[in-house]
A.B. asks: 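Mind having a look at this structure? Questions to follow.
For ligands, and for the atoms within them, numbers begin at 1 and follow the listed sequence. In this chain, numbering begins with 1 at the start of the sequence shown. It should be emphasised that the depicted structure is a prediction, and the values quoted were computed from it without experimental measurement.
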Amino acid sequence: MPETVLVTGGAGFIGSHTCVELLDHGYEVVTVDNYVNSSPQALDRVAKIARRPLTAAYDVDVRDRKALSEVFASHPVDAVIHFAAHKAVGESVSLPTEYYDTNVGGTCALLSVMREHRVHRLVFSSSCSVYGDAETVPLTEDSPVAPTNPYACTKLMCEHILQDVCARLSEMKVLALRYFNPVGAHPSGLLGEAPRGIPNNLMPYVAQVAVGRREKLSVFGDDYPTPDGTGVRDYIHVMDVAEGHRVAVEHLDDHTGMQVFNLGTGTGTSVLQLISAFSEVSRRPVPHQVVERRAGDVAALVADASAVATAWRWSTTRDLTAMCRDTWRFQELNPDGYSPDLVHAGPKTGELSCG
Ligand code: UD1
């Protein structure tokens with residue numbers, strides 16, 4: 001019997017790529033998503049790329065325990081990957097209660113439903129933002145945590161809850177993955193990051209400037225203590241992030257209790273380096289202008305990626321050129337993201353839906 005993995009937030013940017021990776025490796029995949037910040041069209045594309053359907057796709061909010069319990073009752077779930085959450089740092093500052101409700105409340109609801117159905121294996125989507133304003137890089141999993149915004153606080157709080165639950169329920173096995181900066185797209189050009197409205201993050205903004213949808217990029221500060229003065233980040237290809245989740249599922253039984261891992265490449269790239277790489281790959285200019293620093297930004301965030309390399313004998317393989325090339329292909333093929341008419345159309349894939 002193939003393993004069944006339930007993916008919350010399965011239609012989102014990282015969730016959808018992870019579904020492809022799981023289907024490609026023979027897993028049965030059940031998704032749960034409320035589509036507030038994703039499109040069910042992404043799930044059609046997942047099935048198209050993988051050339052096999054999801055087992056089911058549910059239009060369910062993870063906080064809805066009753067609906068979630070019905071999903072678990074309908075499938076022999078072996079493991080859960082929990083992506084469903086709000087993720088915009090700026091928005092979390094203006095809507096902290098909503099962030100705690102969805103991110104922390106959603107995780108608690110999921111844990112209680114998992115317990116009810118005796119499902120004990122979980123991969124949790126955490127974030128490098130838990131490290132806050134790091135004094136030194138690269139960051140190991142033991143580097144001090146000091147979140148600086150409600151979004152990062154919700155992720156750290158969930159990690160604490162999971163630690164506590166694991167300490168008390170010996171059957172629980174949890175891996176929390178702290179992603180650095182996921183970018184890129186599926187090489188088919190069918191799946192990618194399709195932010196609604198003005199992108200918050202660098203790569204989708206750069207892509208929209210290159211395609212002509214936006215006039216120019218604002219570079220937030222060039223007076224950081226970095227080689228060229230602009231912010232340095234550890235960009236990681238979303239296909240590597242997806243692969244990392246599949247490998248994590250395979251390693252869930254290595255230990256009991258909870259383990260935390262960074263998911264990054266260990267390589268830092270500045271804003272100007274990313275602009276230049278993108279321009280070269282797309283053969284388009286990326287007009288940009290240096291402006292004031294963005295509030296809350298830090299100079300450099302780079303992972304020490306050696307822990308997963310040692311524990312799982314796995315590391316990322318896709319470089320900055322691949323990240324830019326695949327982002328560009330998705331941008332060119334989907335200049336307006338997923339079709340707006342399908343955004344609120346409800347799930348299109350799978351035999352079942354509820355909620
Ligand atoms: C942010 C979040 C992080 C989240 C990640 C998603 C914070 C502190 N962290 O990371 O939790 O996981 O998004 O990928 O917000 N930049 C520009 N111009 C732009 C946009 C960005 O110069 O228009 C610069 C930023 O100043 C930064 C770099 O590009 O130096 C990356 O920014 P961004 O893509 O927004 O990611 P982070 O802020 O690192």
Side-chain angles (χ1 to χ4, degrees), residues 9 12-15 17 37 83 85-94 99 103 124-134 137 139 145-156 158-159 176-185 192-195 197-210 213-238 240-241 262-265 268-278 286-303 320 323-324 327:
F13 175 44
I14 303 175
H17 289 79
N37 193 28
F83 292 110
H86 292 308
K87 64 169 188 180
V89 171
E91 187 183 63
S92 79
V93 176
S94 44
Y99 271 65
N103 296 8
F124 176 70
S125 165
S126 191
S127 166
C128 71
S129 61
V130 299
Y131 296 115
D133 199 350
V137 293
L139 293 149
V145 287
T148 58
N149 56 68
Y151 163 72
C153 285
T154 66
K155 289 294 175 183
L156 189 59
C158 287
E159 284 192 14
L177 306 183
R178 293 176 177 165
Y179 325 140
F180 280 66
N181 288 57
V183 295
E193 191 170 12
I198 301 170
N200 291 309
N201 298 118
L202 180 64
M203 184 69 105
Y205 206 108
V206 167
Q208 292 193 6
V209 171
R213 193 168 151 193
R214 300 195 187 275
E215 193 189 328
K216 69 176 169 218
L217 172 82
S218 296
V219 175
F220 298 140
D222 66 351
D223 56 353
Y224 284 105
T226 59
D228 65 20
T230 64
V232 167
R233 295 292 182 272
D234 186 338
Y235 297 97
I236 174 171
H237 198 299
V238 66
D240 279 325
V241 178
N262 285 338
L263 218 49
T265 66
T269 301
S270 74
V271 176
L272 293 181
Q273 284 173 323
L274 189 143
I275 293 171
S276 152
F278 200 94
V286 178
H288 56 276
Q289 179 186 20
V290 176
V291 300
E292 290 290 291
R293 290 181 180 193
R294 180 171 66 177
D297 268 354
V298 302
L301 277 179
V302 180
L320 184 65
M323 297 178 211
C324 294
T327 302

A.B. asks: Nearest protein heavy-atom contact for atom 13 (O) of ligand 1: which residue, which atom, what distance?
C.D. replies: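 Nearest protein contact, heavy atoms only, for atom 13 (O) of ligand 1 is Asn201 ND2, 3.0 Å.
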
A.B. asks: State whether a side-chain donor-acceptor pair under 3.5 Å links Thr230 with Tyr224.
C.D. replies: no

A.B. asks: Ligand 1 versus Leu202, non-hydrogen atoms closer than 4.0 Å: side chain, backbone, both, neither?
C.D. replies: both

A.B. asks: Tell me which part of Ser218 gets within contact of ligand 1: side chain, backbone, both or neither, using heavy atoms under 4.0 Å.
C.D. replies: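 The answer is the backbone.
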
A.B. asks: Quick test of your reading of the structure: of Phe180, Phe13, Tyr235, Phe220, whose heavy atom lies closest to atom 20 (C) of ligand 1?
C.D. replies: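 Residue with the shortest heavy-atom distance to the ligand atom: Phe220.
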
A.B. asks: Show me which atoms of ligand 1 lie under 4.0 Å from any heavy atom of Ser129.
C.D. replies: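 Taking each heavy atom of Ser129 in turn, ligand 1 has 11 (O) under 4.0 Å.
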
A.B. asks: Can you name the atoms of ligand 1, numbered from 1 with element, that are less than 4.0 Å from a heavy atom of Asn181?
C.D. replies: 10 (O), 36 (O), 37 (P), 39 (O)

A.B. asks: By number and element, which atoms of ligand 1 are closer than 4.0 Å to a non-hydrogen atom of Asn200?
C.D. replies: 20 (C), 35 (O)

A.B. asks: What I want to know is whether Asp297 and ligand 1 share at least one N or O pair that is separated by under 3.5 angstrom.
C.D. replies: yes

A.B. asks: Between Tyr151 and ligand 1, which residue portion shows a heavy-atom distance shorter than 4.0 Å: side chain, backbone, both, or neither?
C.D. replies: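 For Tyr151, the contact with ligand 1 is made by the side chain alone.
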
A.B. asks: Val219 heavy atoms, cut-off 4.0 Å: which ligand 1 atoms fall inside?
C.D. replies: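 Checking each atom against Val219, I get 22 (O).
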
A.B. asks: With a cut-off of 4.0 Å, which atoms of ligand 1 are near a heavy atom of Ser127?
C.D. replies: 11 (O), 12 (O)

A.B. asks: Roughly how far apart are Arg213 CZ and Ile198 CD1, rounded to 0.5 Å?
C.D. replies: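 Answer rounded to 0.5 Å: 10.0 Å.
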
A.B. asks: Do Glu91 and Tyr151 get their side chains close enough for a donor-acceptor pair, meaning under 3.5 Å?
C.D. replies: no

A.B. asks: If we count only N and O atoms by modelled type, under 3.5 Å, do the side chains of Asp228 and Ser270 hold a donor and an acceptor together?
C.D. replies: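 Side chains of Asp228 and Ser270: pair found under 3.5 Å.
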
A.B. asks: Of all the heavy-atom pairs spanning Cys158 and Phe124, show the shortest one and how long it is.
C.D. replies: CB-CZ, 3.3 Å

A.B. asks: Are Tyr131 and Asn262 close enough that a side-chain donor and a side-chain acceptor fall under 3.5 Å?
C.D. replies: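 The answer is yes; a qualifying pair exists.
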
A.B. asks: What closest approach, in Å, do Thr269 and Tyr235 show between heavy atoms, and which atom pair accounts for it?
C.D. replies: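 Distance-wise, the nearest heavy atoms are O-CE1, 3.7 Å.
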
A.B. asks: What residue and heavy atom of the protein are closest to atom 2 (C) of ligand 1, and at what distance?
C.D. replies: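 Ranking protein heavy atoms by distance from atom 2 (C) of ligand 1, first comes Val89 CG2, 3.5 Å.
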
A.B. asks: Looking at atom 4 (C) of ligand 1, tell me if a protein heavy atom falls under 4.0 Å from it.
C.D. replies: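 When distances to the protein are checked, atom 4 (C) of ligand 1 has no heavy atom within 4.0 Å.
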
A.B. asks: Between Thr148 and ligand 1, which residue portion shows a heavy-atom distance shorter than 4.0 Å: side chain, backbone, both, or neither?
C.D. replies: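 Contact part for Thr148 vs ligand 1: neither.
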
A.B. asks: I need the nearest protein heavy-atom contact for atom 32 (O) of ligand 1: residue, atom name and distance, please.
C.D. replies: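 Checked against all protein heavy atoms, atom 32 (O) of ligand 1 sits closest to Arg294 NH2, 3.4 Å.
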
A.B. asks: Which atoms form the tightest heavy-atom contact between His237 and Ala185, and what is the distance?
C.D. replies: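 Nearest heavy atoms, His237 then Ala185: CE1-O, 3.1 Å.
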
A.B. asks: Polar-atom distance check: Arg233 versus ligand 1, any N or O pair below 3.5 Å?
C.D. replies: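 Yes - when backbone and side-chain N and O of Arg233 are compared with those of ligand 1, one distance drops under 3.5 Å.
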
A.B. asks: Measure from NZ or CZ of Arg233 to the centre of the six-membered ring of Phe180, then state whether that distance is under 6.0 Å and the direction lies within 45° of the axis.
C.D. replies: no

A.B. asks: I'd like to check whether Tyr179 has a polar contact with ligand 1, where a contact means an N/O of the residue lying under 3.5 Å from an N/O of the ligand.
C.D. replies: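 Not met; the criterion fails.
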
A.B. asks: Could you walk me through whether Tyr179 and Ser126 pass side-chain hydrogen bond (donor to acceptor under 3.5 Å, both in side chains), step by step?
C.D. replies: CA-CA 6 Å; Tyr179 325 140; Ser126 191; over 6 Å; no

A.B. asks: The test is side-chain contact (heavy atoms from CB on, under 4.5 Å); show your working for Leu263 and Val241 and say whether it passes.
C.D. replies: CA-CA 7 Å; Leu263 218 49; Val241 178; 4.1 Å; yes

A.B. asks: Counting heavy atoms only, which part of Val271 comes closer than 4.0 Å to ligand 1: side chain, backbone, both or neither?
C.D. replies: side chain

